[in-house]
Amino acid sequence: MKVLVIGQGGREHALAWKLKQSPKVTEVLCAPGNAGTADDVRNVAVASTDIPGLVKLAKAEKVDLTVVGPEAPLVEGVVDAFKAAGLTVFGPTKAAAQLEGSKIFCKDILRKANVPTAEAWAFTDLEQAYQFLEEREDSPYVVKADGLAAGKGVVICANREEARSAIKLMMRKREFGAAGDRILIEECLVGEEVSILAIVDGRTIIPLEPAQDHKRAYDNDEGPNTGGMGAYTPASFATPDLMATVIEKILIPTVHTMKKQGCEFSGILYAGIMLTSAGPKVLEYNVRMGDPETQPVLMRLKSDLFEILYAAAQGRLKEFEEIEWDSRTAVSVVMAAEGYPYKYTNGKVIRGLDAAAKLPDVKVFHAGTDRLGNDVVTNGGRVLGVTALGDDVADAKRKAYEAVKCIRWEGAWCRKDISDKARMGETVRHGGMFPKKPTVVEEGEDSVTE
Ligand code: AMP
Ligand code: GLY
């Protein structure tokens, strides 16, 4: 079988690397890929947003399964285009991808499904949004651009004044273009965040092992928000009880409601969850794997990823037997370019990759890299995801940072505390404690509150 992975980040490197391990897979292509995917699989120079180009490529190469990494092509309808061309593809349709593509659509589904989430109010008019704030108490708010804004469209505001500035930035200065023409003002939730992802085929879900990302740029969760500076799995806050609650009260009602609304969800359902004092609440949904969560999660996956995704793409997830996980812990540390998450320069030569690759239980996933002659050079803000397996969190962390030490380029930096959050949580063992078998979302299982 031939597989195409769409995208060029660390998530796509991990997907391509894992898919290639399947005995059923003869070749993996990555469009457009990076220097790391060029080593492990075959890159093809088609951009991840060039939908006609991707369809043409899949047809010409007789690809059996396409796996879409990033959200932008999903929201643009890449899955619909592939299906229309008779190609097998894993990911949500354009209509279902609205769960990530429109935060107002997402809120609407959450409400219909009676899923716990932050209270929120939608606005299309700046004055009305200001007026709303005047009438409310002066407290923290979260202002969100409705559409995709490359992870930058969420502003946490300490008070009414900051909320006004965020609204102005989105609706008057149009910082995020059309994505900010509609906004949400949300109550601000407090707690630890966990990412809980599930593979879904419209009516059946298989949860993946939970991971925890580190979104702030600097140690101790300080500094600006980023795409994610590192992740570990299993997330120690995700106890078996929490997982059971999330599946029953969050994932199942969401998948069921999507189906009822005529936009059946197939693909990865990624719930960003805040563990509040009133229980888990959904912050947002993403419709693809997390980056960098995918890197440690796939390091621990023992089952054949191709078989799972192929079954899901064909609506056969129910038949799937069981997912097997390595019971060890995986930690992934993002090495970033100087200046990230703000302005940075590409083209710095990366050294030490070979030495890092020789370390046991280590895989260096490339995110923002390119080849220049014989060199691997930086080509993005988040450059590498240095990932290691260990007997426990401390062991995995030690191995990951040992590999980080081998690698250098001008201006390279990383957080030093990836996975330390685990120690604050309940330290739990895993490997068998979460449901690994498919859960079927029954027709009658209706928690819609219309
Ligand atoms: P993004 O993944 O870029 O959309 O960023 C969303 C991030 O903003 C989440 O990971 C949270 O850290 C934060 N966030 C979103 N909604 C809320 C909320 N209602 N209360 C507190 N923090 C939030
Ligand atoms: N790690 C956060 C995300 O993928 O959105």
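Order of listing sets the numbers, starting from 1, for every ligand and every atom in it.
- Within the 4.0 Å heavy-atom cutoff, G228 does not count among the residues contacting ligand 2.
- At least one N or O atom of L189 sits closer than 3.5 Å to an N or O atom of ligand 1.
- Those atoms of ligand 1 that come under 4.0 Å of a heavy atom in M274, given as number and element, are 21 (C), 22 (N).
- When each atom of ligand 2 is checked for a heavy atom of G290 under 4.0 Å away, the hits are 4 (O).
- Checked by atom type, the side-chain pair S22/D304 shows a donor-acceptor distance below 3.5 Å.
- Among all non-hydrogen protein atoms, the one lying nearest atom 3 (O) of ligand 1 is G151 O, 3.1 Å.
- When all heavy atoms of M335 and A412 are compared, the closest pair comes out as CE-CB, 4.4 Å.
- Every atom of ligand 1 with a heavy atom of K144 under 4.0 Å away is listed here by number and element: 15 (C), 16 (N).
- The closest non-hydrogen atom to atom 11 (C) of ligand 1, taken over E284, E187, E186, E193, comes from E193.
- Contact annotation: G272 has no heavy atom less than 4.0 Å from any atom of ligand 1.
- At the shortest separation from atom 22 (N) of ligand 1 among protein heavy atoms lies I156 CD1, 3.5 Å.
- Only the side chain of E293 comes within 4.0 Å of ligand 2, counting heavy atoms alone; its backbone N, CA, C and O stay farther away.
- D146 and S102 form a side-chain donor-acceptor contact under 3.5 Å, judged by distance and modelled atom types alone.
- For ligand 1, the atoms closer than 4.0 angstrom to any heavy atom of K215 are 1 (P), 2 (O), 5 (O), 10 (O).
- A side-chain N or O of R300 and one of T233 form a donor-acceptor pair less than 3.5 Å apart.
- Ion pairing of R11 with E293 is absent here, as no side-chain N (NZ or NE/NH1/NH2) approaches a carboxylate O to less than 4.0 Å.
- Put simply, part of R288 is less than 4.0 Å from ligand 2, judged by heavy atoms.
- Under the 4.0 angstrom criterion for non-hydrogen atoms, G227 is in contact with ligand 2.
- For the pair E137 and R160, the salt-bridge criterion is not met [side-chain N within less than 4.0 Å of a carboxylate O].
- Atom CD of E338 has 12 or fewer neighbouring heavy atoms from other residues, nucleotides or ligands inside a 6.0 Å radius.
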(request) Assess whether ring pair (Phe, Tyr, Trp, His ring centres under 6.0 Å) is satisfied between Y270 and Y285, documenting all intermediate values. (result) CA-CA 6 Å; Y270 167 145; Y285 272 124; 8.9 Å; no
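- Between the side chains of Q212 and E192, a donor-acceptor pair is found at a separation under 3.5 Å.
- Taking a cut-off of under 4.0 Å to the non-hydrogen atoms of P292, the atoms of ligand 2 that pass are 1 (N).
- The atoms of ligand 2 that sit less than 4.0 Å from any heavy atom of D213 are 1 (N), 2 (C).
- Contacts with ligand 1 closer than 4.0 Å are made by no heavy atom of N225, backbone or side chain.
- Residue contacts with ligand 1 for K103 involve side-chain atoms from C-beta outward but no N, CA, C or O (heavy atoms, distance under 4.0 Å).
- What sits closest to atom 8 (O) of ligand 1 on the protein, heavy atoms only, is V154 CG1, 3.4 Å.
- Proximity of a side-chain donor or acceptor of H13 to a complementary backbone N or O of H366 within less than 3.5 Å is detected.
- Atoms of ligand 1 lying under 4.0 Å from at least one heavy atom of A118, given by number and element, are 19 (N).
- The closest approach between any non-hydrogen atom of G272 and ligand 2 is not below 4.0 Å.
- Relative to the ring axis of Y130, R164 places its NZ or CZ within 45° and under 6.0 Å from the centre.
- Within ligand 2, the atoms closer than 4.0 Å to a non-hydrogen atom of N286 are 5 (O), numbered from 1 in the order shown.
- For T329 and D392, the side-chain atoms include no donor-acceptor pair closer than 3.5 Å.
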